[in-house]
Amino acid sequence: MAVLSLAILAFFFYPRLVPEPAAIATDATFKQVVLDPPPLEADGQVLVSAGDFLPLAGGSADWYNGQGVLRGAGSARVVAGSPVATLNGEPRQLKVPPRLVGDKLYIPLQLALAVLGTSSSQGGSDLPLPPLRGSTGVHFRYYPVYDLQARYDPASGEIQGELLLAYQNPFLTPLRQLNFNLPANAPFGNGASLAVTRAVVNNRPVAVHFKGSRLEVPLPRALAPRETLSVVLSFKTVVPPGDMRLGRDGNLSTVSGWYPILAPPTEDTWAGVAGTAYGDPYFAGAAYYLVRLTLPSGYQVLASSRLTGRQERGEWTDWSFNSDQPVREFAFTAAPDWQFTTRQAGRVQLVVASRGEMAPAVLDVAARALEFFQKLYGPYPYSYLHIAFVPLDNLAGMEYPGLLLLSNRKPYNPAVVVHEVAHQWWYNLVGNDTRQAAWIDEGLAEYSTLLFYRHFDPGLYQAKLAEITQLAARTGAPINLPLEEYGSEQDYRQAVYNRGAMFWLELERMAGEEQLKEALAYVQRYYRYEIIPPRALLTIITYYGKLDSNNFSPFLRNK
């Protein structure tokens with residue numbers, strides 16, 4: 001298992017505490033890296049921001065009034081909108097002309113590589129890249145492997161666990177420490193606790209540093225770009241009584257945020273856990289998950305991964321899970337009296353865990369939503385989608401990768417199912433900073449729900465649109481405030497969910513429905529398993545929707 005873990009690998013992390021980068025040779029192709037600002041597409045051609053891409057390989061770009069000079073191993077002159085460039089003094093016909101997007105000059109990737117002295121007969125996303133340099137603006141598409149083993153006693157709420165993490169540095173700079181979030185120790189945890197009792201890096205014990213919901217793991221030596229390491233963390237988590245996302249209600253447990261989770265990078269630091277009990281106070285990068293849970297025999301488990309094995313061992317039973325593809329996190333729910341109802345939707349097995357609730361109706365809605373969003377945004381890459389009715393007092397539903405939770409304390413609402421299915425694209429497949437930019441996943445999940453009902457039930461669409469419009473009108477708060485600034489669950493929901501949905505509807509009106517669909521489908525292709533920065537999303541919307549950045553001002557603060 002450890003060999004498999006070290007082979008699949010990693011995610012992106014902590015770009016602050018690093019020295020100046022050195023150029024590294026790479027056999028990577030364009031599709032194996034993520035660029036910031038994002039590339040764009042036009043007529044089958046890839047466009048990159050000249051002023052950001054060329055310096056990554058030692059080149060430069062200068063432009064004024066749409067005229068640019070590009071330098072690398074050679075040089076080129078371009079004019080925005082003109083299909084003719086001058087490359088090393090010779091005219092060159094371009095399939096797609098350069099264009100200005102906001103304050104960025106975008107040029108064809110093939111031209112950029114020619115200026116840098118990299119020639120290739122290949123096209124599209126398989127173009128090989130030259131040696132790269134930079135502390136920001138690029139990272140490799142590496143995803144870590146979480147190999148989790150844990151024993152959970154629902155009676156006491158105690159989890160004894162061990163995490164074996166295989167991690168590969170995806171940056172062009174060395175890393176000197178890894179940072180983890182401990183969500184159970186934050187207000188999100190509802191009085192839970194998570195303690196790490198042992199840490200080992202590459203078979204060497206290390207002393208870690210705790211700061212509430214934050215864990216710092218120093219590395220014995222700097223981790224070079226693209227180099228791999230393993231981390232072992234032994235931990236103990238206590239799941240408290242309560243009808244929350246991390247809690248026990250009678251013999252039913254809902255367990256999320258229960259293990260150390262790598263903290264994602266944000267600008268020049270790392271992303272911690274917000275100090276709110278509402279919203280989604282933490283987020284995570286995508287990773288592969290291999291999990292073995294041991295619970296008392298008689299309990300049944302439904303999780304945010306595919307069940308791959310179950311072995312009875314007297315009073316205890318081992319449950320094994322595999323995520324198929326990268327996911328944001330691993331959550332599970334357990335009870336001794338689940339009734340499982342299943343249905344096949346294409347290659348996806350739908351499973352509803354209930355105790356007398358409306359499982360067939362849920363399966364109908366989930367299957368239709370799954371088919372609709374795949375046509376709209378792109379394929380759902382997992383073989384499973386699990387749904388469980390659990391006692392959530394403060395929420396109608398909650399999303400996890402491949403696992404949707406529906407409250408059995410509230411009347412059944414099919415729109416909640418549609419909303420949570422939409423989150424599989426907006427939160428899981430494409431992630432975002434839910435503490436600072438919840439308008440992305442929550443706004444898009446609400447907007448996607450409206451699109452679903454516009455297509456399947458126009459009358460219900462009009463009713464839901466009227467409700468959202470009325471609630472959105474109660475606030476003028478920007479939709480992109482940090483969680484803490486909203487101050488209350490109600491204010492947060494009115495701004496982020498309702499006004500957030502109105503934001504996307506307004507963009508649809510200005511850009512056109514098909515253009516917005518095209519933009520969002522491209523986001524799903526390029527940022528799959530990644531975390532999209534808000535400015536990158538706005539760049540893509542601006543480009544495909546032919547919008548001006550001022551179009552965002554009524555909704556966003558400090559866009």
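Treat the numbers as computed from the prediction; the structure is a model and nothing was measured.
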Side chain [X], main chain [Y], donor-acceptor under 3.5 Å:
| X | Y | result |
| --- | --- | --- |
| Asn498 | Ile468 | no |
| Asn181 | Ala271 | yes |
| Arg77 | Leu70 | no |
| Tyr526 | Leu35 | yes |
| Ser323 | Pro326 | no |
| Ser75 | Arg71 | no |
| His139 | Pro170 | no |
| Ser354 | Phe389 | no |

To the nearest 0.5 Å, what is the distance between [atom1] on [X] and [atom2] on [Y]?
| X | Y | atom1 | atom2 | result |
| --- | --- | --- | --- | --- |
| Leu403 | Leu385 | CG | CG | 8.5 Å |
| Gln436 | Phe283 | CD | CZ | 8.5 Å |
| Leu113 | Leu111 | CG | CG | 9.0 Å |
| Leu507 | Met510 | CG | CE | 4.5 Å |
| Leu465 | Leu450 | CG | CG | 6.0 Å |
| Leu40 | Thr539 | CG | OG1 | 7.5 Å |

With sequence neighbours left out, what residues match [X] under salt bridge (Lys or Arg N to Asp or Glu O under 4.0 Å)?
| X | answer |
| --- | --- |
| Arg493 | Glu489 |
| Arg92 | none |
| Glu506 | Arg509 |
| Glu514 | Lys517 |

- Task: Would you sort out whether Arg454 and Glu513 count as a side chain to side chain contact (heavy atoms under 4.5 Å, CB included), showing the intermediate values?
- Result: CA-CA 12 Å; Arg454 183 191 293 172; Glu513 183 177 353; 3.5 Å; yes
Testing the basics here: between [X] and [Y], what is the closest heavy-atom pair and its distance to 0.1 Å?
| X | Y | value |
| --- | --- | --- |
| Arg499 | Gly476 | NH1-O, 3.8 Å |
| Gly545 | Ala511 | CA-CB, 3.6 Å |
| Pro98 | Val79 | CD-O, 3.9 Å |
| Pro83 | Pro97 | N-CB, 3.9 Å |
| Ala286 | Pro144 | O-CD, 3.5 Å |
| Leu429 | Pro379 | CD1-O, 4.1 Å |

Check: residues 344-351 side-chain donor-acceptor pairs under 3.5 Å, at least two apart:
residue : atom : partner : partner atom : Å
Gln344  : NE2  : Gly346  : O            : 3.3
Arg347  : NH1  : Pro381  : O            : 3.4
Arg347  : NH1  : Tyr382  : O            : 3.1

So do [Y] and [X] actually touch side chain to side chain, heavy atoms under 4.5 Å?
| X | Y | value |
| --- | --- | --- |
| Ile479 | Val496 | no |
| Arg535 | Pro37 | no |
| Arg328 | Glu399 | no |
| Asp433 | Ile531 | no |
| Leu406 | Val416 | yes |
| Arg141 | Gln32 | no |
| Pro482 | Arg435 | no |
| Leu54 | Leu116 | yes |

Holding to side chain to side chain donor-acceptor pair (under 3.5 Å), I want the full list of residues that pass it with [X], two or more places apart in sequence or in another chain.
| X | result |
| --- | --- |
| Tyr278 | none |
| Asp548 | Asn550 |
| Arg245 | Asp280 |

- Output every pair passing side chain to side chain donor-acceptor pair (under 3.5 Å) with a member in residues 400-419, not counting sequence neighbours, ordered by first then second residue.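 Side chain to side chain donor-acceptor pair (under 3.5 Å) check on residues 400-419 returns Asp243-Arg409, Asp249-Arg409, Ser256-Tyr400, Asp393-Arg409, His419-His423, His419-Glu442, His419-Glu446.
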- Query: In terms of side-chain heavy atoms, does Asp324 have a donor or acceptor partner in Ser383 at a distance below 3.5 Å?
  - Reply: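 Distance-only check passes for Asp324 and Ser383.
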- Message: For Tyr486 and Gln494, which I'm curious about, is there any donor-acceptor pair between the side chains at under 3.5 Å?
- Response: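 Their side chains do not contain a donor-acceptor pair, so the 3.5 Å distance test is not met.
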- Task: Just grab all the ring-ring contact (aromatic ring centres under 6.0 Å, His included) pairs involving residues 45-70, residues at least two apart or on different chains.
- Result: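 ring-ring contact (aromatic ring centres under 6.0 Å, His included) check on residues 45-70 returns no pairs.
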- Message: Is the distance from the ring center of Tyr453 to that of His455 below 6.0 Å?
- Response: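 Ring-ring flag for Tyr453/His455: false, centres at least 6.0 Å apart.
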- Please check if the distance between the ring centroids of Tyr288 and Tyr146 is under 6.0 Å.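 Aromatic pair excluded; centres sit 6.0 Å or further apart.
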- Using 30° and 60° as the class limits, which term best fits the ring planes of Trp425 and Tyr377: parallel, tilted or perpendicular?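 It falls in the tilted class, 30° to 60°.
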- Message: Which label fits Phe373 and Phe452: parallel for a plane angle under 30°, tilted from 30 to 60°, or perpendicular past 60°?
- Response: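 Correct class here is tilted.
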- Message: Show me the pairs that pass salt bridge (charged side-chain N to carboxylate O under 4.0 Å, His left out) and involve residues 416-431, at least two apart or across chains.
- Response: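 Sorted result for residues 416-431: empty, none.
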- side chain to side chain donor-acceptor pair (under 3.5 Å) between Tyr289 and Glu329, intermediate numbers included: CA-CA 8 Å; Tyr289 276 84; Glu329 56 186 306; over 6 Å; no
- Query: Among Trp426, Phe503, Tyr447, whose ring pair (Phe, Tyr, Trp, His ring centres under 6.0 Å) with Trp439 holds?
  - Reply: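 For Trp439, the ring pair (Phe, Tyr, Trp, His ring centres under 6.0 Å) check succeeds only for Phe503.
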- Query: Does Arg368 make a cation-pi contact with Phe456 (under 6.0 Å, within 45 degrees of the axis)?
  - Reply: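 Positive - Arg368 is close enough to the ring of Phe456 and near enough to its axis.
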- State whether Phe171 and Arg133 meet the cation-pi test: NZ (Lys) or CZ (Arg) under 6.0 Å from the six-membered ring centroid, and within 45° of the perpendicular axis.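 No; the conditions do not both hold, so Arg133 does not lie above the ring face of Phe171.
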Could you give the side-chain donor-acceptor pairs of residues 41-50 under 3.5 Å, partners two or more places apart or in another chain?
residue : atom : partner : partner atom : Å
Glu41   : OE1  : Arg525  : NH2          : 3.0
Ser49   : OG   : Asp52   : OD2          : 2.6

- Query: Are Leu404 and His386 close enough, and set up right, to give a side chain to side chain contact (heavy atoms under 4.5 Å, CB included), and what steps lead you there?
  - Reply: CA-CA 6 Å; Leu404 316 181; His386 301 151; over 6 Å; no
